[in-house]
Amino acid sequence: MAVSKRSCGQEASPSKALRRDWAYGIRLFVVPLGSATASRRMIWDREIKAAGGCLADSPWSATHMLLSPEVTPVRLGTWAEKLLEARGRPAANDPVTSVRILSKSLQATWLCTDWLIACLAKQCRVLEEKFKCCLDASTETLDHEDRDCHFIADGPAVAKPQKTEGSSPALPASATASPARTEAESDDSDVEEVLPKLRVFGGEMTPKRANLLRNREKFACQRGGQDPPKTSGSSPPKSRNEKLVSMFSRLQQHYESLGDGWRERSYRLTASILRGLPFEVTSEEDLDRSELRRLGKKTRDKLKEFLNTGSIGRVDGLHMDEHAKALAELQGIWGVGLTTARRWLGSGCRTVTDVRSQVQDGTLRLSADQLIGLQFFEEFAQRIPRIEVDEIIQVVQAAVSRRFGNRLRMEACGSFRRGKASCGDVDLLLCARSAKDELALGSTHDVLSSLVADLHGQGFITHDLKGGNQSHRRPGGHVGQDVNDGEEQQSSTAATYFGVCQLARVGSLHRRIDIKVYPVLEFPFALLSFTGSGPFNRSMRLYARRAGFSLSDHSICRAAHARGNGRGERIWTGPPIAAMQFASERDIFEFLGLAYREPWQREVDASWLAETGTDKQAAKQATAATTGLAADVSSQASSPPAKAEREALGWKDEDEVQSLSD
DNA sequence: CGGCGGTACTG
DNA sequence: CAGTACC
DNA sequence: GCCG
């Protein structure tokens, strides 16, 4: 768990080109020789685009030429000659000279393919220096063209030059949380601009919504722009409050394994706040600093206790740690949750090993899913390097193309789409390319099962987990069953599959793979949803809810809490909102009045501040001379419209809004 | 004191 | 319905 | 856990 976290590369380029945008401005041409096979080029193509760069159509428009290390001078020379001829330029008689001529007429930097591989592994722009090709290969290599090549400056060692990972001073980037927005923050158009959209889609600008909009920066799903999704431990803020952070993390983990998600969330937030603190907590006065605004009484008491006694009773008292640890381990088995873990623990299973032996004995009976989870416990715990995810995608894509031609589009979602260097599993979303294709393809379930069958057949998928066949739910048959007056939708025509796959290669591990097929109209919602992150989704959905909608992986609906007394049951309903209008993720953000967030900006850490809708806090903050981060952000965001303007828009005043807002 | 995300499958 | 899962 |  405490894995990954990688320092990003180096490269003194403008801060913007760091991380997820690392390929910004790069036009890459891959020399089609040697190990730069077509399929690898396809993978690279997707990756480079995802990172903000692109592939060049020809060497002549490239900024970077990528060359496989094993290509010999002669082969390269031959290729260069052809290229020159095709351009009507004179080529030299000998290959090496041709290469020189070519390289001089190009604007590009020549790099070894290992450079790209290193970039992909680290998800940042690795220093190019060590990967430069030496095109002035001495003539003698010519005579021995079967020698292992060599255009590469550092020879074979070049492959992993970056072992230093931890130490390389990766441009601190905005690691030091530059408080304000960063460039891409297209930022706040005023609420006013959002208004027409809402109207168009059937929403009204109620005062409550207006207030919500003005405070939207408080939601985690709007805190993008900054991104240091962690990064290295090297230089950044050596946590000042290490001891406290670890104590609250323990509490968080404790409640996590106990299944108290709310306390878990709370402690996670506390730990996160403390970790990001620009000062060390040493006295009770520190507790009044604005950064700690969000901490409640209980937590403050714990902090005080720590200041006074150097420890926190509640934390020390986590004798249970044993218990919690065992629970956590058992819950690590796919298909085992809190209840099962407790049950097993009660019957003497403390570890996975215990479970295995009891299964052998026949003392313990597991479900099919749990057996698979148990079998691959260790393998599933391994992160999947991004490069391998790419390969897995290729395999599935090949099957998709084979069976469905070009009618289906496929997107890899999850942490992969968010640009992480490694992923816990592979999450693929499929959808017809057009309504017409959708018709031709037939039901999503059929599409999915025939795809899965194919992958099974080639031995790629090795095991099935609960395979979502909701097919009996509504495939036509009896319609009269449920009271589905008026509302049409809810024939959730999406199909989902969970399984296990393995690349056909020697040491490859079994990996978790999810495949989903969604109807065209729901695609943007599914994409948004399955790209996550989890906390990001929750935040965005909470926001939507506060605005009076319910956002899901299928659509967005009007939502009305059956409030008041009695039961808040039968929660909401309402027709999904003109699904036709949502053609992309962007449309959903726009509809809600939220600023778009690129996938890599959705890596929300636990610190979704407050998200407590509207409030007087905003007003307070504006006046109080606070220096806190949150205050900075929100004050900018909420430059309230002038009174006249408000009236013009038909908004109520702040105070009224308060009362209305709940 | 109630809310804290929304959905879907298995059994 | 409870349990588990997905992001 | 914290918030309204």
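Just so it is clear, the model here is predicted, and its values are computed rather than measured. Residue numbers start from 1 in every chain, and the chains themselves are labelled A, B, ... in the order their sequence lines are given, proteins ahead of strands.
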| query | Between A:Arg602 and A:Ser533, is any side-chain donor less than 3.5 angstrom from a side-chain acceptor? | reply | no
| Distance flag, aromatic centroids of A:His554 and A:Phe525, threshold under 6.0 Å | no
| query | Just how far, in rounded Å, is P of D:dC3 from CZ of A:Arg265? | reply | 11 Å
| query | How would you label the contact of A:Ile333 with the nucleic acid (heavy atoms, under 4.0 Å): base, sugar-phosphate, or nothing? | reply | sugar-phosphate
| query | If you look at every strand shown and take non-hydrogen atoms under 4.0 Å, does A:Lys516 touch a base, only sugar-phosphate, or nothing? | reply | nothing
| Could you give the start and end, 5' to 3', of the contact zone on DNA chain C for chain A, using atoms under 4.0 Å from its heavy atoms? | C:dG3 to C:dC7
| What is the distance, rounded to the nearest whole Å, between atom CG of A:Asp369 and atom C1' of B:dC9? | 10 Å
| message | For A:Phe589, give me all partners under ring-ring contact (aromatic ring centres under 6.0 Å, His included), at least two apart in sequence or on another chain. | response | A:Tyr596
| Considering only the P atoms, how many Å lie between D:dG1 and B:dT7, rounded to the nearest integer? | 31 Å
| request: Select base, sugar-phosphate, or nothing to describe what A:Asp425 touches, counting heavy atoms under 4.0 Å on all strands. | output: sugar-phosphate
| message | Mind checking if A:Leu251 touches a base, just sugar-phosphate, or nothing, with heavy atoms under 4.0 Å? | response | nothing
| request: Compare side-chain N and O positions of A:Arg541 against OP1 and OP2 of B:dG5 and report whether any pair is under 4.0 Å apart. | output: no
| said: Rounded to whole Å, how long is the line connecting atom CG of A:Leu465 with atom C1' of B:dG11? | reply: 16 Å
| Protein-nucleotide distance (A:Arg343, atom CZ; B:dG11, atom P), rounded to Å | 14 Å
| remark: A:Ser529 meets the side chain to side chain contact (heavy atoms under 4.5 Å, CB included) criterion, sequence neighbours left out, with A:Asn537, A:Arg541, A:Asp553
| field | Residues from residues 298-306 of chain A lying under 4.0 Å of DNA chain D - heavy atoms | value | A:Lys298, A:Thr299, A:Lys302
| d(CZ, A:Arg263; P, B:dG3) in whole Å | 16 Å
| Which residues satisfy the salt bridge (Lys or Arg N to Asp or Glu O under 4.0 Å) test with A:Asp301, sequence neighbours excluded? | A:Lys297
| task | Report the distance from atom CZ of A:Phe549 to atom C1' of B:dG6, rounded to the nearest whole Å. | result | 16 Å
| said: Using the side-chain heavy atoms of A:Arg294, tell me which of these nucleotides is nearest: B:dA8, B:dG6, D:dC3. | reply: D:dC3
| query | How would you label the contact of A:Asp514 with the nucleic acid (heavy atoms, under 4.0 Å): base, sugar-phosphate, or nothing? | reply | sugar-phosphate
| said: Looking only at the side chains, is there a donor atom on one of A:Asp464 and A:His456 sitting less than 3.5 Å from an acceptor on the other? | reply: yes
| message | Could you check whether A:Asp425 pairs with A:Arg511 (Lys NZ or Arg NE/NH1/NH2 to Asp/Glu carboxylate O, under 4.0 Å)? | response | no
Show me the side-chain donor-acceptor pairs of residues 337-347 of chain A shorter than 3.5 Å, one per line, residues at least two apart or across chains.
residue	atom	partner	partner atom	Å
A:Arg342	NH2	A:Leu258	O	3.3
A:Ser347	OG	A:Arg343	O	3.4
A:Ser347	OG	A:Trp344	O	3.0

| request: Give one of base, sugar-phosphate or nothing for A:Tyr255, where a contact means two heavy atoms less than 4.0 Å apart. | output: sugar-phosphate
| Looking at A:Phe530, is A:Lys516 sitting on its ring face, NZ or CZ under 6.0 Å from the six-membered ring centre and within 45 degrees of the normal? | yes
| request: Using atom CZ of A:Arg538 as one end and atom P of B:dG3 as the other, report the distance to the nearest whole Å. | output: 16 Å
| message | Counting the atoms with a prime plus P, OP1 and OP2 as sugar-phosphate, which does A:Arg342 contact under 4.0 Å by heavy atoms, base, sugar-phosphate, or nothing? | response | nothing
| message | Taking any heavy-atom pair under 4.0 Å as a contact, classify A:Thr270: base, sugar-phosphate, or nothing. | response | nothing
| said: Counting the atoms with a prime plus P, OP1 and OP2 as sugar-phosphate, which does A:Leu528 contact under 4.0 Å by heavy atoms, base, sugar-phosphate, or nothing? | reply: nothing
| query | Can you tell me how far C1' of B:dC9 sits from CD1 of A:Ile372, to the nearest Å? | reply | 15 Å
| Closest nucleotide among B:dG6, D:dG1, B:dT7 to the A:His554 side chain | B:dT7
| request: Search all heavy atoms of A:Thr444 against all heavy atoms of A:Tyr518 and return the closest pair with its distance. | output: CG2-C, 4.3 Å
| Think A:Arg216 forms a cation-pi with A:Tyr543, using NZ or CZ under 6.0 Å from the six-ring centre and within 45 degrees of its axis? | no
| task | May I ask you to verify if any side-chain N or O of A:Arg545 is less than 4.0 angstrom from the OP1 or OP2 atom of B:dG6? | result | yes
| How would you label the contact of A:Asp427 with the nucleic acid (heavy atoms, under 4.0 Å): base, sugar-phosphate, or nothing? | sugar-phosphate
